[in-house]
Amino acid sequence: MHQYLPTPLMKANKYNRFYVLKKIFTSLILLFCCINAFAQTDILIRLQLTDKQKQVYPDSAYTILKGLLAEAVAEKNVLAQAIALQQTGYILYHNSSYAEALNHYLQADKLFHQTSRKDLIAKNLDNIGSIYYSNRQGNLSNRYFYEALKIYQELNDTAGLATTYGMIGHICEKTEKYDSAYYYQHLALQYFMAIKNPQGIADIYENIASIYEDKEIYDSSFAYYNKALGYYEGGNDLISQINIRNNLGDIYRKTGRFKEGLEQTRLALKLAVRTKELFQINSAYEDIAKAYHLMGMNDSAYYYNELSRKQVLAIYSKENSKQVAMIQAQYDTQQKNKEIQKLENDKRSEFIITVATIIIIILLLLLGTSIISRQKIKIEAERRINEQEKNVYETNYALMQTDLQNKNLVEDNLKSELDIRSRELTSYTLNLIQKNQLLDDLKLKLTELIKDDKRDHKKQIREVLKQIDQDFNQAKYWDELRVIFEQVHQSFFDNLNAHCSDLTAAELRLASLLKINITSSDMSTLLGISQDSLRISRYRLRKKLKLEQGTNLTAFIQNL
């Protein structure tokens with residue numbers, strides 16, 4: 001038996017199959033990436049074409065842009081979404097829908113920040129600033145212009161800096177900050193000259209001329225308008241030439257040169273008719289009427305005023321048609337979006353219902369197979385838990401009984417101790433009363449002996465009396481009495497001090513005797529004073545405690 005070994009050709013064929021499959025797989029991936037990149041590029045190309053169309057056919061451009069925006073969202077092309085929103089905002093802005101335009105620009109701003117396209121971010125900031133300027137919110141407008149300036153400075157974008165400085169200068173002019181306006185317009189002029197941009201240079205010359213015109217410096221204004229006109233004629237910019245001719249006509253009229261002004265306005269009218277600029281035609285009619293009125297030719301003035309009025313009606317008719325077309329485009333787009341959204345919601349609902357049904361069936365089957373075993377486990381677990389809870393309850397109950405017994409014992413001990421202390425206090429007080437009573441009796445007897453004529457005993461008797469008086473005033477018995485008293489009535493002196501903190505030792509002794517409720521005669525004996533002195537002491541204590549008339553002193557002390 002011969003054993004066949006694989007030849008080099010056989011090995012090559014074997015590995016070639018893997019190589020071919022690998023190449024096919026790689027090619028498919030590259031093809032998918034190319035198709036995806038082409039699709040995204042295709043959207044951007046169509047957006048560029050729409051950008052050129054939006055000024056001539058805004059309603060059609062609006063509809064196209066909404067479709068491109070939906071495509072960009074579906075393909076998650078953030079840059080295309082931002083550009084579509086920006087261009088839609090431009091159309092809305094030029095149709096005086098400022099709120100909607102601002103909303104589109106702000107959405108575009110967020111998306112541009114995700115793409116890190118700082119040039120587009122700055123341009124969009126200029127657009128937002130222009131909307132705020134149109135709404136006469138100069139502070140907000142300048143805020144966005146200055147943000148755009150920072151980006152242009154970072155990018156070293158001379159054209160962007162020039163354009164933005166020109167816008168800021170224009171706002172300053174409209175707010176009558178002419179020095180600032182002149183400063184910013186000259187900054188813009190320097191940048192446009194640096195990049196040799198004739199259109200930008202002409203625009204800035206026109207802005208500077210407008211500043212001088214506002215300040216009634218007509219010679220300088222006339223000179224700058226002529227400079228701008230030269231650039232516009234060189235670039236064959238007929239629209240801008242119309243504006244310049246009208247402005248030159250205004251200066252001639254303001255300086256009393258009515259014929260020269262009329263000539264400039266007629267040239268502007270000729271260009272406006274040629275370019276079909278309805279607003280410029282109307283402006284020219286109004287200026288010609290003003291010139292004839294100033295020249296005293298009121299018939300001609302009336303004629304051109306009538307032409308102006310008819311032109312205004314034509315403008316309103318055309319603008320209304322544009323507005324209606326734009327509104328219709330917006331309505332159609334909204335309806336289309338609603339229908340698309342409804343279809344997508346229906347599909348999503350059907351898919352969710354189908355998936356939910358399958359999941360519910362599976363869950364029911366799983367639940368049916370596991371419910372019996374789970375029930376058994378649950379019953380067993382509950383039995384064990386019940387046993388554990390029973391054991392815990394019995395243990396806790398025993399501990400609670402023990403704790404209760406301990407507390408009862410402690411309470412009984414405290415009560416016994418308090419009773420002992422109370423008896424000690426009563427006994428001690430009675431002993432003091434008896435001692436003082438005995439001493440008082442001795443004092444009376446000795447006093448009678450002194451009255452006797454036996455003078456040899458008088459000196460000894462006086463010494464005994466003196467000793468008895470000293471014994472009456474000794475404080476050590478009161479200290480012992482206070483120790484026992486505080487053990488029985490622990491918070492009494494604290495409560496008493498809360499009412500009056502400047503009580504004397506004698507007043508504190510009187511209060512303690514009132515607390516243990518002994519008689520007035522016993523009090524006077526213990527304190528070694530007469531009943532009258534005792535009444536005075538009670539009066540002083542009552543006054544210091546600031547008791548109201550009718551309040552019983554003893555009852556007050558008992559409640560402390």
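Quick note: residue numbers are just sequence positions, from 1. What you see is a predicted model; the values in this text were computed from it and never measured. The analysis underlying the following values was restricted to heavy atoms, covering all of them including side chains, and did not include hydrogens, waters or symmetry mates.
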- Query: Where is the tightest heavy-atom contact between Leu102 and Ile131, given as atom of each residue plus distance?
  - Reply: N-CD1, 3.5 Å
- Message: Using side-chain heavy atoms (C-beta onward) and a distance below 4.5 Å, is Asn127 in contact with Tyr93?
- Response: no
- Query: Counting only N and O atoms by type, is there a donor-acceptor contact under 3.5 Å from the side chain of Thr357 to the main-chain atoms of Ile353?
  - Reply: yes
- CZ of Arg383: more than 12 outside heavy atoms within 6.0 angstrom? yes
- Task: Under the ring-ring contact (aromatic ring centres under 6.0 Å, His included) rule, collect the residues that match up with Tyr205, sequence neighbours excluded.
- Result: Tyr224, Tyr231
- Message: Let me confirm one number: the OG1-OH distance from Thr164 to Tyr144, rounded to the nearest 0.5 Å.
- Response: 15.0 Å
- Output for pair (Gln87 CD, Tyr105 OH), nearest 0.5 Å, gives 9.5 Å
- Query: Would Ile281 and Glu277 satisfy side chain to side chain contact (heavy atoms under 4.5 Å, CB included), going step by step from the backbone distance to the final call?
  - Reply: CA-CA 6 Å; Ile281 293 171; Glu277 286 291 323; 5.5 Å; no
- Nearest heavy-atom neighbours spanning Tyr133 and Ser141: CB-OG, 3.6 Å
- Message: Are there over 12 heavy-atom neighbours, none belonging to Tyr303, within less than 6.0 Å of that residue's OH?
- Response: no
- From CA spacing to verdict: side chain to side chain contact (heavy atoms under 4.5 Å, CB included), Arg266, Arg245: CA-CA 9 Å; Arg266 288 188 181 281; Arg245 296 287 183 187; over 6 Å; no
- Salt bridge present between Glu380 and Arg384 (N-O < 4.0 angstrom): yes
- Side chain Asp403, main chain Leu399, donor-acceptor under 3.5 Å: no
- Does some side-chain heavy atom of Ile208 sit less than 4.5 Å from a side-chain heavy atom of Ile204? yes
- Is there a donor-acceptor pair closer than 3.5 Å between any side-chain N or O of Asn124 and the backbone N or O of Leu120? no
- Pair Glu154 + Lys150, salt bridge at N-O below 4.0 Å: no
- Message: Distance alone, cut at 3.5 Å: any donor-acceptor contact between the side chains of Tyr90 and Gln86?
- Response: no
- Query: Quick one: are Asp214 and Glu176 in side-chain contact, heavy atoms under 4.5 Å?
  - Reply: no
- Message: Minimum heavy-atom separation for Gly249 and Thr265, please, with both atom names.
- Response: CA-OG1, 4.1 Å
- Query: Taking the side chain from Ser308 and the backbone from Tyr304, do they hold a donor-acceptor pair closer than 3.5 Å?
  - Reply: no
- Quick one: NE2 on His170 to CD1 on Ile211, what's the gap to the nearest 0.5 Å? 9.5 Å
- His186/Tyr182 under side chain to side chain contact (heavy atoms under 4.5 Å, CB included): CA gap, chis, key distance, verdict: CA-CA 6 Å; His186 269 274; Tyr182 187 80; 2.7 Å; yes
- Message: Do Ile168 and Leu187 have side chains that approach each other closer than 4.5 Å (heavy atoms only, starting at C-beta)?
- Response: no
- Item | Heavy-atom side-chain contact between Phe192 and Thr163 under 4.5 Å | yes
- Message: Please report the interatomic distance CZ(Arg374) to OG1(Thr369), rounded to the nearest 0.5 Å.
- Response: 9.5 Å
- Message: For Ile372, is the CD1 atom crowded, meaning more than 12 foreign heavy atoms sit under 6.0 Å from it?
- Response: no
- Query: How close do Ser180 and Cys172 get, heavy atom to heavy atom, and via which atoms?
  - Reply: CB-SG, 3.8 Å
- So CD1 of Ile239 and CD1 of Ile244: to nearest 0.5 Å the spacing works out to 13.0 Å
- Item | Under 3.5 Å donor-acceptor, Tyr285 side chain and Glu306 backbone | no
- Item | Sidechain-backbone polar pair: Gln81 side chain, Leu69 backbone, donor-acceptor under 3.5 Å | no
- What's the spacing between Leu111 CG and Leu85 CG if we round to 0.5 Å? 6.0 Å
- Task: Return yes if a side-chain donor-acceptor contact under 3.5 Å exists between Asp250 and Tyr225, otherwise no.
- Result: no
- How close do Asp237 and Ser240 get, heavy atom to heavy atom, and via which atoms? OD2-OG, 2.7 Å
- Asn246 and its side chain to side chain donor-acceptor pair (under 3.5 Å) partner, picked from Gln280, Gln264, Gln241: Gln280
- Tell me, do Asp109 and His113 make a side-chain contact under 4.5 Å, heavy atoms counted? yes
- Item | Glu286/Asn282 under side chain to side chain contact (heavy atoms under 4.5 Å, CB included): CA gap, chis, key distance, verdict | CA-CA 6 Å; Glu286 287 181 351; Asn282 177 60; 3.6 Å; yes
- Task: Check each of Glu206, Lys227, Gln199 against Tyr232 using the side chain to side chain donor-acceptor pair (under 3.5 Å) test, and report the only one that passes.
- Result: Glu206
- Taking atom OH of Tyr183 as the centre, does the number of heavy atoms from other residues, nucleotides or ligands within less than 6.0 Å exceed 12? no
- How about Leu155: does its CG atom have over 12 heavy atoms from other parts shown lying under 6.0 Å from it? yes
- For residues Leu248 and Asn226, determine if any side-chain heavy atom of one lies less than 4.5 Å from a side-chain heavy atom of the other. yes
- Is there a donor-acceptor contact under 3.5 Å from the side chain of Asn386 to the main chain of Glu382? yes
- Item | Minimum-distance pair of heavy atoms, taken over all atoms of Phe145 and Ser130 | CZ-N, 3.8 Å
- Do Tyr132 and Asn142 come within less than 4.5 Å of each other through their side chains, counting heavy atoms only? no
